Amino acid sequence: MEYYEAMVGDGESTTFYFTFPFFGVNDIHVKVNDVEQTNYIMTPNPTPNDADTEYTGGTVEFLTAPANGDRITIYREIELVRHIDYQPTKKPESHQMNQDANQLMGALRELDVKLKNTLDLATIPTLADLLSEIQTISTSLDTFITADDLNDINTAVATIPDKATKDMDNITATGISTMCGYCMPDYSSAITLGASPYTAPSNGFIAINNYGTNPGFQISINNLQICNSTIANSGSAVSCFIPVSKNDIITYSGGGTTYWKYFIPLKN
């Protein structure tokens with residue numbers, strides 16, 4: 001559309017103004033949200049008798065106000081009819097000839113734009129291929145999202161909010177190295193343990209080395225006994241390196257002198 005004006009409804013206004021020129025009342029068309037309208041009154045602005053177009057602007061008045069947020073478009077499509085009838089016994093007026101020529105040129109310009117748009121679309125070399133590809137994607141979408149290599153992502157998304165699972169096949173060496181790195185102890189962040197019990201602040205490891213002459217050293221995770229020394233030999237040692245999860249409760253007791261005991265978090 002070469003001549004058009006776009007507005008937005010507020011739910012109350014019924015009258016909308018436009019300013020572009022036109023030659024007859026049937027040249028003006030109105031759309032609301034891209035739907036052609038007929039239930040309105042169009043009033044042209046008066047123009048001088050020697051104007052090069054019959055009208056310049058006007059008003060469109062709806063019988064019912066468009067809703068708040070409605071898109072209103074007033075545009076021109078020239079009606080191919082004669083508006084001026086030259087009489088053989090009367091001298092043609094220059095403004096009439098200008099109006100006639102301007103109407104014809106305006107109609108030809110609109111036709112030229114429509115033809116170019118149509119021809120450009122028809123000559124896109126990949127248009128048929130694009131439409132075919134879209135159709136292929138559309139028909140195969142259900143199969144794609146439930147394929148084995150996606151580990152039934154359709155079901156996973158439906159049953160685990162905001163998450164989807166993926167199987168572990170064909171992971172690259174970089175991926176394997178990264179995942180293994182996440183599971184390794186971060187020795188530089190080791191925390192010296194104090195009195196039992198101790199609550200793990202994150203996933204990590206409990207590392208304890210106990211030595212002495214008294215038997216009965218024990219360590220438990222969430223009340224489950226993990227390590228127990230019943231041997232009492234001078235210089236003997238009980239060493240434990242146990243993985244724990246965040247908020248696990250670690251208890252340790254008995255035995256000889258504790259040489260060292262640490263909580264070591266995972267890297268990253």
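This structure is a prediction, so every number in the text was calculated from the model and none was measured.
Every pair tested for salt bridge (charged side-chain N to carboxylate O under 4.0 Å, His left out) that includes a residue from residues 60-70 fails, sequence neighbours excluded, so the list is empty. Residue pairs meeting the salt bridge (charged side-chain N to carboxylate O under 4.0 Å, His left out) criterion with at least one member in residues 175-184: none, sequence neighbours excluded. Residue pairs meeting the ring pair (Phe, Tyr, Trp, His ring centres under 6.0 Å) criterion with at least one member in residues 37-57, sequence neighbours excluded: Phe22-Tyr55. Residue pairs meeting the salt bridge (charged side-chain N to carboxylate O under 4.0 Å, His left out) criterion with at least one partner in residues 32-44, sequence neighbours excluded, are Asp34-Arg71. Annotation: salt bridge (charged side-chain N to carboxylate O under 4.0 Å, His left out) contacts involving residues 85-96, sequence neighbours excluded, are absent. Residue pairs that meet the side-chain hydrogen bond (donor to acceptor under 3.5 Å, both in side chains) test with at least one member in residues 193-204, sequence neighbours left out, do not exist here.
Taking Ile, Leu, Val, Met, Phe, Trp and Tyr as members and joining any whose side-chain heavy atoms lie under 4.5 Å apart, directly or through other members, the hydrophobic cluster of Ile84 also contains Tyr86, Met97.
In terms of heavy atoms, Leu80 sits closest to Ala107 at CD2-CB, 3.5 Å. Across every non-hydrogen atom of Pro185 and Phe241, the tightest pair is CG-CZ, 4.0 Å. Here the closest non-hydrogen pair linking Gly106 and Ile78 is C-CD1, 3.4 Å. A pairwise comparison of heavy atoms in His83 and Gly24 identifies CE1-CA, 3.7 Å as the closest pair.
Within 6.0 Å of CG on Asn223 lie no more than 12 heavy atoms contributed by other residues, nucleotides or ligands.
Every salt bridge (Lys or Arg N to Asp or Glu O under 4.0 Å) that Glu110 has, sequence neighbours left out, goes to Arg76. In this view, Asp10 satisfies the salt bridge (Lys or Arg N to Asp or Glu O under 4.0 Å) rule with no residue, not counting sequence neighbours. A search for ring pair (Phe, Tyr, Trp, His ring centres under 6.0 Å) contacts involving Tyr17 returns nothing, not counting sequence neighbours. Remark: Val25 engages Met42, Pro44 in a side chain to side chain contact (heavy atoms under 4.5 Å, CB included) (not counting sequence neighbours). Annotation: side chain to side chain donor-acceptor pair (under 3.5 Å) contacts of Glu79 (sequence neighbours excluded): Asn26.
The aromatic rings of Phe16 and Phe62 sit perpendicular to each other, their planes meeting at more than 60°, with 30° as the lower class boundary.
Between the side chain of Thr56 and the backbone N or O of Pro21 there is no donor-acceptor pair closer than 3.5 Å. Panel note: side chain Gln99, backbone Ala51; a donor-acceptor pair is recorded below 3.5 Å.
Using a 4.5 Å cut-off on side-chain heavy atoms (C-beta onward), Val244 and Ile221 make contact.
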